[in-house]
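Structure record follows, encoded as structure tokens.
Quick note on labels: first sequence line is chain A, next is B, and so on, each numbered from 1.
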Amino acid sequence: MNDRSPLELLATHPFTADLSEDQQAHLATCARIAHYAPDDYLLREGQPATAFYLIVSGLVSIELFVPGHGPRPLQTVEGGSAVGWSWMLAPSRWEFDARALEPTTAVVFDAEQLRALFREDCCLGLRLVQRLLFVVTERLKAARLQLLDLYGPPRER
Amino acid sequence: MDHRALTTQVTGSPFVPLPFLVIGRRRETRDTVTLRLRSLCDATLHAQPGQFMMLSVYGIGEVPISISGLPRRPGELEHTIRAVGSVTRHLVALHRGDHIGVRGPFGTGWPLEAAYGQDVLLIAGGLGLAPLRSALVAILRERWRYRQVVVLYGARSPADLLYRRDLSGWQQRAKITVYVTVDHPDPSWRGQVGVVPNLIRQVTALFEPTNTVAMICGPEIMMRFTVRELQKHGIPDERIFLSLERNMQCGIGLCGHCQFGPFFLCKDGPVLPYSRLAPYRDIREL
């Protein structure tokens, strides 16, 4: 895994695997591979959102720091998924923390270059935004289910 | 795959509780215990994983409780019970040497034989792991009959996880893949956080959809979203089995309290293939 290039990883990652080779190659120009040890932060709440992450392997906790309670995990994201969409929306600051729970490898895109690429190739931009919207929808659905407290006490008997 | 409901042959009169002795008690969580029971009247029960018994505390009442393990000896039963009401609070408070009334077994079991030679997905939410544990124990006894065996389990918090020692033991000993997630982690939790349906996409490489049998037990909303996720990954409805719970009382389809559409879940269920349940899924009055 460690010696694979961004392009090789984009060719197999579920988020980008079915893009054309040209599109993958364009994306690879603004990507690098990063490795995170457990407890390393990928991103922190309030800081400028300058990157987009495709998680290749490992486990990442999306969380909020609550004063007096420490980090409160809201959801975990595993290999094959994506982290971070604040870079697409003004004012482009992270809304949450993302912290590696296990050794984690990610393809990390430079947000500024990615935005420029989307302006240049609107078709690619649209396809990636659609995928990101799918990720957002899945996260929203999961968050709504968590709100229901499904495993709470059942009816009395 | 056989879609017919199985109707259980009940030992003796189905309405008369048989006396059982509590021979073991293990605390699982703050409000949940597993009781091991032994018949006091030489009753030979042929309870199948997925079926349930009516357990009664004398003078208090009776509740349906799924079988959560396989008997170590003939005439023994194992049940995991959460204290949520009057009867279950009394059941959870029982100790070794206490007596209890037992009727059953009732209902349909998990399709373990139909799953021979197949990949098996066991998907549980909360206390729903208890009925699936009996299926898993049965699978472990004949592990060679099955291909991939994957257990996906979601709970409210780490403190609410059932069978914690079993979970890690199964994974290490029996070539079973186990994924666990919780909704509300505590600071010590280093595992996954989120809902059970999210786990399915993480294991898609492990199973072949048209050769997979999925068995699901948990809150109905969790099962609904889990079924949708399984369908997305190509598992046919007739290969998805759910254990449904309603107000089981008589256990033999006479009183009608557990009716769900055309089914009496105490007799035609609790385990049914989704292909039979699907026509009724959008009828909110059910």
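- Heavy atoms from other residues, nucleotides or ligands lying under 6.0 Å from CZ of Arg27(B) number more than 12.
- Against chain B, no residue from residues 106-119 of chain A qualifies, as none has a non-hydrogen atom under 4.5 angstrom away.
- Here the closest non-hydrogen pair linking Ala100(A) and Arg190(B) is O-NH2, 4.4 Å.
- More than 12 non-hydrogen atoms from other residues, nucleotides or ligands lie less than 6.0 angstrom from NE2 of His233(B).
- For chain A, no part of Pro187(B) is nearby; none of its heavy atoms comes within less than 4.5 Å.
- Within the 4.5 Å cutoff, the side chain of Tyr151(A) has no heavy atoms near those of the Asp160(B) side chain.
- Annotation: maximal heavy-atom pairing with chain A below 4.5 Å, among Gly154(B), Gly61(B), Ser157(B), occurs at Gly154(B).
- Proximity of a side-chain donor or acceptor of Arg156(B) to a complementary backbone N or O of Asp149(A) within less than 3.5 Å is not detected.
- Of all residues in residues 122-144 of chain A, those placing a non-hydrogen atom less than 4.5 angstrom from a non-hydrogen atom of chain B are Glu138(A), Lys141(A), Ala142(A).
- Only the side chain of Leu59(A) comes within contact range of chain B, with at least one heavy atom under 4.5 Å from a heavy atom of that chain.
- For a heavy-atom cut-off of 4.5 Å, chain B lies close to Pro73(A), Leu74(A), Gln75(A), Thr76(A), Glu78(A) in residues 64-79 of chain A.
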Show the numbers, then the answer: is there a side chain to side chain contact (heavy atoms under 4.5 Å, CB included) between Val195(B) and Gln146(A)?
CA-CA 7 Å; Val195(B) 293; Gln146(A) 276 174 277; 3.7 Å; yes

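- Side-chain contact check for Met222(B) versus Leu148(A): every heavy-atom pair is 4.5 Å or farther apart.
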For the pair Glu63(A) and Val193(B), evaluate side chain to side chain contact (heavy atoms under 4.5 Å, CB included) and give the outcome as yes or no after the intermediate values.
CA-CA 10 Å; Glu63(A) 56 196 30; Val193(B) 180; over 6 Å; no

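- Residues of residues 197-207 of chain B placed with any heavy atom under 4.5 Å of a heavy atom in chain A are listed by number as Asn198(B), Arg201(B), Gln202(B).
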